Every structure is written in C-alpha cells, then in structure tokens.
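One structure is given here, and the rest of the page talks about it.
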2 protein chains.
Amino acid sequence: MAGKTREHSLPLDTILAGDCIAEMERLPAESVDLVFADPPYNLQLRGDLHRPNNSKVDAVDDHWDQFDSFAAYDAFTRDWLSAARRLLKPDGAIWTIGSYHNVFRMGAAMQDAGYWILNDVVWRKTNPMPNFRGKRLTNAHETLIWASRSEKAKYTFHYEALKAANDGVQMRSDWTFPICTGHERLKNARGEKAHPTQKPEALLHRILMATTNPGDVVLDPFFGTGTSGAVAKMLGRHWIGIEREAEYRDLAQARIGMVRPVERAALQVSTSKRAEPRIPFGTLVERGLLRPGEVLHSLNGRHSAQVRPDGTLAAARETGSIHQVGARLEGAPSCNGWTYWHFKREGKRVPIDALRQQIRDELAAMR
Amino acid sequence: MAGKTREHSLPLDTILAGDCIAEMERLPAESVDLVFADPPYNLQLRGDLHRPNNSKVDAVDDHWDQFDSFAAYDAFTRDWLSAARRLLKPDGAIWTIGSYHNVFRMGAAMQDAGYWILNDVVWRKTNPMPNFRGKRLTNAHETLIWASRSEKAKYTFHYEALKAANDGVQMRSDWTFPICTGHERLKNARGEKAHPTQKPEALLHRILMATTNPGDVVLDPFFGTGTSGAVAKMLGRHWIGIEREAEYRDLAQARIGMVRPVERAALQVSTSKRAEPRIPFGTLVERGLLRPGEVLHSLNGRHSAQVRPDGTLAAARETGSIHQVGARLEGAPSCNGWTYWHFKREGKRVPIDALRQQIRDELAAMR
DNA sequence: TGCCATGGTGAATCTATTG
DNA sequence: CCAATAGATTCACCATGGC
C-alpha cells in the first residue's frame, strides 16, 4: 500500500494513469472549478469491489449479500466523492451521472458529503435501447445531479445563455439528446465500440457551456474515452482526466489531439444584467441626465416623485432610494426602481433604465 | 405510548386515521398487492420567495414536511418502507415519488430494505413553476421509483396495455402529464387549494392500470386527499388509505364517495399482441378526456363501442383499436377511427379527433 | 355567444454587495 | 459574523370580467 505522496501542481490538459482516488489525493486542494463524474454503475456487485472489513460473508441470504455489496459500492462512492470535493474550489461544482442502479446511492452520498444539490437533470434519450423482454418500461433516460461544493458556494450558471439556447424560455430540468452513435462513437482497433457507456458530446457541451467559464479547470475522474476532455478543449476550458485502463487513455489522447478549439472570441455567451457594471442612480443626476427637482412617474402612472440632488427620491410621504420609494408606494416587498420609474422626453414616458444603459454604453466604448 | 395491538383484518376501501407506521404495523402481513407512497419531500426552504410581479409563492411549509436532519428523515423513511414491505404479498410491488430533495435517500433506503428496483420513471410536467430568480434550471420533473418486494417477485406488469396506450410502441420511462390544476384540484372550505401537493389522476391511472389487476388491494400510507383511492375505485381496485390530518381525510372521503366505478367489463386490457395502432388513443383515457366504459358512436350512428382503460374499444363482437373495430363493423378494409368514432358532450356528437387535437396542441405548446 | 385582456398560481432547497 | 440595501427575475394554464 503506497503512502500518500507530496501533492504536485496541477497537470492541466493531461490524462493521469491510475486509480482515481489515489490520483485525486495527489492533486492540490481547491484547484478545480468543475468535476464531471460518470462513475461505473455496472459493477458486478458480487465481490468485485473490496469489502470495507475484508471479511468473507457466506452468501446464505440474497438480501444480506446484496446489502454487503451495496456497502462496498457506498464506501467506494464516499471515497471518490470526498477526494473530489477536496479538489474543488470553494465556489466549485460537480456533475454526476447514473442510472437507477446507482444514482440513488450516489445522490444520497453527495448530500452526506456536504455537496448541495442544485438540480437533478434527466437526460431523455431519443433512441434508447428497447426492453426486449417486455417485462419493464423502456429505460429511456439517465439522471444527472448538479451540485455545488457547499450550500454557500456561488456557483457558475449562465442562465441567459441556456435560455437563449432554448428559444427564449428557461431551460428545464429534462434534456433531450440522442445516445452516442455513428461517427461520434469511438471504435477500438478491432472495430468494436471502444467504451460501453460513451456519453454524447452534446450533453457535455451543454454542461460545460452552462456551468463553467473559459479557462476553468474541469476534472473527470472516470475519463474513459475522454468526452469531457474533448468538449472542454473545444470550448476553451482546461481539463484533467484520470483513467485506469491504458486502452481508453490511448483512445482519449488521440481523440483530444484532433480537437480544434473554438476561437476565443466565439466563446462569449449571453449574459444577464447582473454581470453589467453597477451604476448608482446618483450618477445620472451628477452627469446631468436628470435634473434635481425633475418629476418621475411610476410604471402604472399612479405615483410620482421628485429627484433630489443626492440621487434619492421624494414622494408625497416617502423618501429614499428609487427602489425603496417604489416598494413603499406599491406596498411591495421590493421594487426595481430602474424599471419602475419613468421620465418624460418629447411627450413619451421613458424608464430611467434607458439612462443607465446610456452610461453603460459610454463605459463600454472607453474600454 | 400505545403498544402494538393485535393485527386486524384488512379494512378495504377505508381511510385509517393515524400515523402511517403505527397503522401499517396493525395490518396483516402479506395482504397488499401494491403500495403507492408520496411521502414528505423534506424540502429545506430558507426564506420567502416572490415572483417577479412581487406576489408571494405559497410554499410547502407544512409541519409534516419538517425534519431536523437527514438522519431523522432517513430513520423515518426506513421505518415506513419496512412496515410497507411487511404488508406486501410476496409478488407485490411499490411505487414511490419524490424530488431531488429526498428521492436519492429514499431510493437508497428502498434498495437497503430489500426492494428490487424495476424502473425509475420521470414525470415530466408540462406546466411546472418556473425558476423565478434565474439561478437554476426550471425544476420540471419529479421522479417515481417502481420496485418489487424482492428480486424474485413475479410482479404485475401489463406491457401490452401500456404499449397500446402509447401509439403501439413500448412505454418509456419518461411520462408527460400536466400538474394537477383546474377542477381536478381540490379546494377546502375557504376556497384555497386543499392540499399543497395533490398529484394528477392521470399519473395514478397509468400506474394502477399498468401494475395492478382489477380486485387488487392498493395501500397508500400518505393518503392526503386520496388521489390514489379515487383512481383505484374508478378502476375497480380496492384501496386503503392512511392519513393523519382529519381535514385531508374528510376531503378524501367525500371525493372518493363521488367516484363512479367503471363497469367491470370495461376493465379488460389487452393481453395479446396486435397490430400497432398509429395513434395513441390511450392517452385520451389516461388524461381523463374519455372515461373507461364511455360509449362511442359511429359516424353513421349505426354502431357503438365501449372505451377500455388501455385505449382499446369493445363493441358487441369486436375488440381492438379504434381503427380496427371501425373497419370490422363497416366491413371495410380500413377505417380512420379518429374521424369515425364520436362521443357526446352537451347533447352534441363530437369526433374523438377533437380530443386528439387538444392534446396535440398541448404538446406543441411545450415543443 | 365569443374573444381578448387581466390576474392568479404551482412540491422551490431561487441574490449579491456593501457596511 | 450579521444587517441593510441594491436590484434582478417567470411559464403554462385557468378563471374572470369587459365588450
């Protein structure tokens, strides 16, 4: 049993050979932005894994034998989830994928390890394998779990980009993709499919586009034939793969070598207003876009207030920020003053947000 | 603390008042064919949530959904799963439903308890509540787990009936239904929604039609307003509900009292292979647009046939798809059942194609 | 009667920054 | 650490009411 060796620096854009837990333990803590993990779930649950206590159990009862196997799988799952969590930056996140054979145990282990589930996502397969015996439903989906390192983490999520990719409505938790077939499906030297569970690149594309930024580091502890690495490289993200099987490593290395990264400028995605620089309302007054004493009107026309020199508003009985006065006048818990208050220009009512945008445009032109 | 009393005989078609674990422990072992369980999800909501228009979301903050820790929730889950398993006949099965908050723990506990998972099923909601803050994906599905009492169980599964209800192709593991709204949603005396998590009858219809037989006993330990009981009664299954809250029990009792069971002859489902219907007529039945047992009339008024729960028709001497029965009755080589068969609404004869169009519109709206 | 505008609501782990 | 405040954010469906 090898002792834990000194942590080495981050081996970006490489495939590490070996057991994923041992390899992860050698990497520096808090160095990875995203973990993508597609762990084995077709494990023979009959002694293939080491048992936690190494004891031999007489298989006299199926139930207990099964429980023993579950315990071994759970121990394995706890170990790799724990090692991965150590590597994640405080605001990092993880995606895992599985089927009903393992995903419930894995999800529970994620919660127990301190991960904070953000969504479970269903991958609906357009072309699943039928159930040949007609004894169950066609198993037409797999389940992904998206979780942040902790409840407090400020995870990356490109909401607007996903919404744009979905014809302008929020992306849902069910995603429809075909399974990996045709040219995308890697073959080995014998012409057979190289890996039994190769994931479609479209799935990784959506995951990496939505929950990482260009330049981020993506770690895949069950690299297989390197789908996550190939998509990460294409999208300008760094990747690290860990894989035990030499044949998979070789295929992945060759595959990723063929990938041509997208131009850096083409990696831009839609952003929300939250990403824009903050402009205090007072700036509008300072710059003379609004005059002190000028009267603003509410969206519904029922209220009005006067601009004061310090960037506060004065209504009949309320005084404060554009948001505070709007909220109090409406009896609402909160109010976005930028879209609530309007001023008049050439007879038309214009939201003060237009003036903020004007300043933002000027700032952007200066850069 | 009451001791465990003598097991009493099976109280068919009644609602038991009390804690589900205690009540289940008093019922005789191996007496139930199917358990349907919609347990508390253990949502861990932090603060209030408002919609962009400042209205407040009516959250599930009921006391019955509060647990102190994962450990407390797990203990509760283990206990009721164990009590339910004792009640199941050796070939019995269970359906559970949950969201990412609880379903992983629940699924793992099911495996640990000795249940054998047959499928996980995704209920895709056509009209989920959006994510108002744009911080996550729209949580647009819930997960069901279908499991037999043990690996060896010869569970009930009406493969052909489901296939018939699904356009002649195998039923998949992702099911699409709207959430429970409108007239189906029970209101309390104050005109508010009676229960925060009422499930759609269409969901229970598919479950009971596919995995029980007429006359079977269906136990629901978290009965709520009795959706499972109402559908069980309609489909000629026996039901037993357990519910702690008197208000829910009263509403469920009244609701189930209104249910008119389908004629026994109308409960027959397909058991042999037949030609693939080109249209999923069964969807109309699942969604309650047509009742099993309802009589359809031919275009020329000379023939009639009864709707069966799996979307086939039964005429005097003919049985099969809407197209087959129409063709045979007319002595024609073929027949478009969609335009041939009519139902009555408010005295008018309407082609069933109008109902198909209604569903198509819904599907088109969700792309 | 129909059509359209308006308003309500659903199992929700739903913010970020400054002081 | 907490408190205060800025300010960003929604889809499908159903019920109601006006014209």
Side-chain angles (χ1 to χ4, degrees), chain A residues 111 115-120 147-148 151-152 154-155 157 159-160 163 166-173 271-276 278-282 311 320-324 326-327 332-341 352-353 356, chain B residues 38-62 64-67 70 97-103 123 125-143 178-185 187 191-193 195-200 224 361-367:
Chain A
Q111 292 180 309
Y115 291 100
W116 189 248
I117 299 181
L118 300 168
N119 278 116
D120 59 336
S148 57
E151 182 178 356
K152 304 296 178 205
K154 298 188 200 312
Y155 53 91
F157 182 54
Y159 170 79
E160 292 290 343
K163 184 173 174 178
N166 194 38
D167 286 342
V169 294
Q170 289 189 339
M171 186 67 77
R172 297 165 43 110
S173 57
T271 58
S272 67
K273 281 189 180 172
R274 276 187 276 254
E276 302 277 325
R278 189 171 194 143
I279 310 286
F281 178 68
S321 74
I322 53 173
H323 315 295
Q324 289 170 327
S334 71
C335 170
N336 184 342
W338 291 106
T339 52
Y340 180 78
W341 293 110
I352 58 176
D353 204 20
R356 179 172 64 160
Chain B
D38 181 11
Y41 285 9
N42 190 26
L43 300 187
Q44 297 161 57
L45 305 179
R46 298 305 188 226
D48 288 346
L49 178 64
H50 293 88
R51 298 182 181 81
N53 66 4
N54 276 326
S55 64
K56 189 176 163 208
V57 173
D58 183 14
V60 180
D61 52 4
D62 305 70
W64 46 256
D65 200 47
Q66 310 297 320
F67 292 84
F70 280 140
I97 181 167
S99 67
Y100 67 83
H101 310 85
N102 73 319
V103 77
W123 168 27
K125 304 179 183 183
T126 59
N127 50 349
M129 186 161 73
N131 185 292
F132 297 115
R133 309 302 292 267
K135 300 306 293 182
R136 302 184 181 189
L137 301 164
T138 306
N139 200 357
H141 74 275
E142 292 186 28
T143 301
I179 61 176
C180 184
T181 59
H183 285 105
E184 190 186 322
R185 189 82 192 218
K187 306 290 189 294
E192 306 154 340
K193 62 182 175 191
H195 192 283
T197 70
Q198 187 181 341
K199 297 293 178 287
D361 291 347
E362 287 178 24
L363 293 174
M366 60 170 294
R367 276 177 318 280

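Since this is a predicted model, take the numbers as computed values, not measurements. We use all heavy atoms of the structure for the numbers below, so side chains are in, but hydrogens, waters and symmetry mates are not. Just so it is clear: chains get the letters A, B, ... in the order the sequence lines come, proteins before strands, and each one is counted from 1.
Atom-to-atom, CZ of Phe281(A) to C1' of dT5(D) comes out at 16 Å; the value is rounded to the nearest Å. Between the CG atom of Asn119(A) and the P atom of dT13(C) there is a distance of 7 Å, rounded to whole Å. In this structure, CG of Asp65(B) is placed 11 Å from P of dA12(C), rounded to the nearest angstrom. Atom OH of Tyr41(B) is separated from atom P of dT13(C) by 12 Å (rounded to the nearest Å). What separates CG of Asn336(A) from C1' of dT9(D) is a distance of 9 Å, to the nearest Å. Between the C1' atom of dT13(C) and the CZ atom of Phe67(B) lies a distance of 15 Å, rounded to the nearest Å. dA12(D) atom P lies 9 Å from atom CZ of Arg172(A), rounded to whole Å. Atom OH of Tyr340(A) is separated from atom C1' of dA6(D) by 17 Å (rounded to the nearest Å).
Counting only heavy atoms from C-beta outward, the side chains of Ser99(B) and Leu43(B) approach each other to under 4.5 Å. Counting heavy atoms from C-beta outward, Thr271(A) and Glu160(A) have side chains that stay 4.5 Å or more apart.
Within 4.0 Å of Asp38(B), counting heavy atoms only, lies at least one base atom of the nucleic acid. Contact annotation for Pro200(B): no contact, since no heavy-atom pair falls under 4.0 Å across all strands. No contact: Thr138(B) has no heavy atom under 4.0 Å from any strand. Nucleic acid contact class of Lys56(B) (heavy atoms, under 4.0 Å, all strands): none. Using a 4.0 Å heavy-atom criterion, one finds that Pro280(A) contacts no nucleic acid atom at all. At the heavy-atom level, Thr181(B) lies under 4.0 Å from the strands shown only through sugar-phosphate atoms. Using a 4.0 Å heavy-atom criterion, one finds that Glu184(B) contacts no nucleic acid atom at all. Residue contacts for Tyr159(A): at a heavy-atom cut-off of 4.0 Å it reaches the sugar-phosphate backbone alone, with no base atom in range. Thr339(A) comes within contact range of no nucleotide atom at all, as no heavy-atom separation falls under 4.0 Å. Contact annotation for Ile117(A): base contact, defined as any heavy-atom pair under 4.0 Å involving a base atom.
Residues satisfying the side chain to side chain donor-acceptor pair (under 3.5 Å) test with Asp61(B), not counting sequence neighbours, are none. Looking at residues two or more places apart in sequence or on another chain, you find a salt bridge (Lys or Arg N to Asp or Glu O under 4.0 Å) between Lys56(B) and Asp48(B). Asp120(A) is linked by a salt bridge (Lys or Arg N to Asp or Glu O under 4.0 Å) to nothing, counting only residues two or more places apart in sequence or in another chain. Every residue two or more places apart in sequence or in another chain that forms a side chain to side chain donor-acceptor pair (under 3.5 Å) with Glu151(A) is listed here: Arg46(B). Judged as a side chain to side chain donor-acceptor pair (under 3.5 Å), and not counting sequence neighbours, the contacts of Lys273(A) are Asp353(A). Evaluation of the salt bridge (Lys or Arg N to Asp or Glu O under 4.0 Å) rule for Asp58(B) yields Lys193(B) as partners, not counting sequence neighbours. With sequence neighbours excluded, no residue forms a side chain to side chain donor-acceptor pair (under 3.5 Å) with Lys163(A). In this structure Tyr41(B) satisfies the ring pair (Phe, Tyr, Trp, His ring centres under 6.0 Å) test with no other residue, sequence neighbours excluded. Partners of Lys135(B) by salt bridge (Lys or Arg N to Asp or Glu O under 4.0 Å), not counting sequence neighbours: none found.
Rounded to a whole angstrom, the distance from the C1' atom of dG17(D) to that of dT1(C) is 15 Å. Of the C1' atoms belonging to dG8(C) and dT10(D), the separation is 13 Å, rounded to the nearest Å. Here the separation of dA11(C) from dA15(D), taken at their C1' atoms, is 23 Å to the nearest Å. A distance of about 23 Å separates the P atoms of dC14(C) and dT18(C), rounded to the whole Å. On the C1' atoms, dT13(C) is 23 Å away from dA12(D), given to the nearest whole Å.
Ion pairing between Arg356(A) and Glu276(A) fails under the 4.0 Å rule for side-chain N and carboxylate O.
Note on His323(A): every side-chain N or O is 4.0 Å or more away from OP1 and OP2 of dT5(D). In terms of phosphate contacts, His183(B) brings a side-chain nitrogen or oxygen within less than 4.0 Å of OP1 or OP2 of dA15(D). Asn127(B) has no side-chain polar atom (N or O) that falls below the 4.0 Å cut-off from OP1 or OP2 of dC11(D). In this model, the phosphate group of dA8(D) is approached by a side-chain N or O of Arg356(A) to a distance below 4.0 Å at OP1 or OP2. Contact between the side-chain N/O atoms of Ser334(A) and the OP1/OP2 oxygens of dG7(D) is not found at any separation under 4.0 Å.
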Its contact letters, B for base, S for sugar-phosphate only and - for none at protein heavy atoms under 4.0 Å, make nucleotides 14-19 of chain C read BBSS--
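Nearest-nucleotide positions on DNA chain D place Gly337(A) closer to the 5' end than the other of Lys163(A) and Gly337(A).
Between the side chains of Thr138(B) and Gln170(A), at least one donor N or O sits under 3.5 Å from an acceptor N or O. Neither side chain, Arg185(B) nor Thr181(B), offers a donor N or O lying under 3.5 Å from an acceptor on the other.
In DNA chain D, stems built from 3 or more consecutive Watson-Crick or G-U wobble pairs, each with both distances under 3.5 Å, span C:2-10 with D:11-19, C:15-19 with D:2-6.
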Between the protein and nucleotides 5-9 of chain C, which nitrogen or oxygen pairs come in under 3.5 angstrom?
none

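Under the 90° criterion around 0 for the glycosidic angle, dT13(C) counts as syn.
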